[in-house]
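Since the structure comes first, as structure tokens, the remarks are kept for the end.
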Number of protein chains: 2
Amino acid sequence: MRSDELAGAAGAAAERPPGDSKSERTRRRILDAAALVLRRKGYAGTRLSDIAKVAGMQAGSLYYHFSSREALVAEVMGTGVAVVQAQMQAALAALPPEASHRNRLAAAIEIHLIAVLEQSDYASATIKLLGQVPKDIQKQQLANERAYGKLWRQLLRDAREAGEIRGDLNLSAMRMMIVGALNWAVEWYHPEDGPAEQIARDFVEMVLHGLVPRR
Amino acid sequence: MRSDELAGAAGAAAERPPGDSKSERTRRRILDAAALVLRRKGYAGTRLSDIAKVAGMQAGSLYYHFSSREALVAEVMGTGVAVVQAQMQAALAALPPEASHRNRLAAAIEIHLIAVLEQSDYASATIKLLGQVPKDIQKQQLANERAYGKLWRQLLRDAREAGEIRGDLNLSAMRMMIVGALNWAVEWYHPEDGPAEQIARDFVEMVLHGLVPRR
DNA sequence: GTCTATAACCGGATAGAC
DNA sequence: GTCTATCCGGTTATAGAC
């Protein structure tokens with residue numbers, strides 16, 4: 001489950017050929033296993049032997065496919081951003097051209113939250129790991145995320161220029177607040193809390209209109 | 001710096017006598033050092049030797065004051081919630097009795113954000129560590145945080161019952177969204193981003209009124 | 001490509017001197 | 001109370017058989 005994402009869209013996962021050899025598929029199986037375990041146990045709590053077990057092999061065998069634990073983790077994280085970014089771009093492109101900027105913003109919130117809560121272990125693992133990994137990986141990851149951040153900035157800037165959102169608030173504060181609230185959901189969300197779509201709807205409502213009742 | 005918080009208000013930090021013996025002060029020095037290092041390096045990245053160095057002693061000496069690494073971390077986290085909760089209660093109590101529920105909510109947002117960004121390494125370390133520590137500590141910590149969560153629920157419920165905030169949104173989604181956005185700030189905030197007060201003002205504005213301009 | 005075995009390396013924890 | 005020295009367990013990483 002949850003392994004239906006396409007790797008290789010950007011970031012650290014970009015250099016591989018698109019082939020589908022046996023080795024290539026094993027490699028993917030390992031990455032999927034790593035994303036799953038990392039998402040659940042975090043960086044400190046994840047042993048290579050845990051990942052190997054889920055992938056159905058011995059810990060030592062991982063080294064045929066990856067040069068180190070760090071390299072494996074870094075690739076999971078690179079894939080994480082790539083997946084969300086790709087889905088977001090696809091979803092935005094699929095909106096009717098007459099969709100308002102507010103609609104586009106709402107769609108972005110929904111996509112990000114669903115990807116992170118339900119769709120991709122890569123995405124949720126990546127968010128969780130951001131504050132846990134060693135400096136080298138972290139730096140690389142921040143570079144990976146630049147394009148994604150740009151997407152959000154664009155969305156907000158366009159909306160503001162069109163007069164669809166307020167002009168008196170700091171754009172980067174807006175972005176940090178929105179994405180922050182979405183990212184933090186990985187810390188508390190359980191499927192019993194209901195479908196991510198419902199939570200996304202409430203979040204959109206709050207982001208756009210706030211808690212104060214319109215009179 | 002940043003060591004001006006009062007421990008012992010609640011949670012794991014509660015059993016100690018309020019004394020100020022040499023041993024007591026050393027213990028506090030170690031806790032302060034631990035909070036500082038944990039906040040910066042996270043659970044996985046923090047060595048006992050790092051903490052010892054900051055506290056000005058050898059790693060082995062820590063064991064005179066704490067029974068294990070886990071015990072030390074758990075106490076930092078217990079203090080973290082206690083600090084924020086105490087400050088919040090004090091700030092709310094200091095508001096004029098005629099303050100609106102929305103004002104109280106705004107104050108809560110401000111206090112939480114400032115505590116977490118500028119005032120307390122215990123608070124920021126605690127937030128960062130939540131998703132990183134082993135299950136036993138995590139469980140204990142969730143218990144520690146129950147009272148603090150109750151405070152927020154109360155704040156929102158009162159505001160809703162008074163008709164000061166909308167009745168059509170899930171209360172717990174509101175709480176998760178607000179606190180989540182605040183907590184996530186520890187992941188991105190740097191002092192160059194400006195004073196926490198400014199960020200708090202923008203956050204309050206967004207939470208209360210949303211991004212859509214009032215007509 | 002994957003296995004088994006083991007090397008090499010920490011880092012937490014303990015013991016005993018001072 | 002703190003130091004130095006050391007033990008001990010666990011984990012990454014490597015070597016060589018299959």
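Computed over heavy atoms, backbone and side chain alike; hydrogens, waters and symmetry mates excluded. Chain A is the first sequence line, chain B the second, and so forth, proteins listed ahead of strands; every chain is numbered from 1.
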CA sep, side-chain torsions, deciding dist, call: A/Tyr63, A/Leu48, side-chain contact (heavy atoms from CB on, under 4.5 Å): CA-CA 10 Å; A/Tyr63 285 87; A/Leu48 288 182; 3.2 Å; yes

Return the value, rounded to whole Å, for the distance between atom [atom1] of [X] and atom [atom2] of [N].
X       : N      : atom1 : atom2 : result
B/Arg28 : D/dG1  : CZ    : P     : 16 Å
A/Lys53 : C/dT2  : NZ    : C1'   : 18 Å
A/Leu48 : D/dG10 : CG    : P     : 16 Å

Summary of salt bridge (charged side-chain N to carboxylate O under 4.0 Å, His left out) pairs that have at least one residue in residues 171-197 of chain A, sequence neighbours excluded: none

Approximate separation, where rounding is to 0.5 Å, of A/Leu169 CG and B/Glu205 CD: 6.0 Å

Residue whose closest nucleotide on DNA chain D lies nearer the 5' end, A/Thr46 versus B/Lys22: B/Lys22

Criterion side-chain contact (heavy atoms from CB on, under 4.5 Å) on B/Gln132 and B/Leu129, from CA distance to verdict: CA-CA 5 Å; B/Gln132 309 190 14; B/Leu129 294 179; 4.3 Å; yes

DNA chain C contacts among residues 56-72 of chain B, heavy-atom distance under 4.0 Å: B/Gly60, B/Tyr63, B/Ser68, B/Arg69

Residues A/Asn144 and A/Gln140: side-chain donor-acceptor under 3.5 angstrom: no

Phosphate OP1/OP2 of D/dT2 contacted by B/Thr26 side-chain N/O (<4.0 Å): yes

Short side-chain N/O contact to C/dG12 OP1/OP2 from B/Arg47, under 4.0 Å: yes

Side chain to side chain, B/Met57 and B/Thr26, heavy atoms closer than 4.5 Å: yes

Sugar-phosphate only, base, or nothing, as touched by A/Ser21 at under 4.0 Å among non-hydrogen atoms: nothing

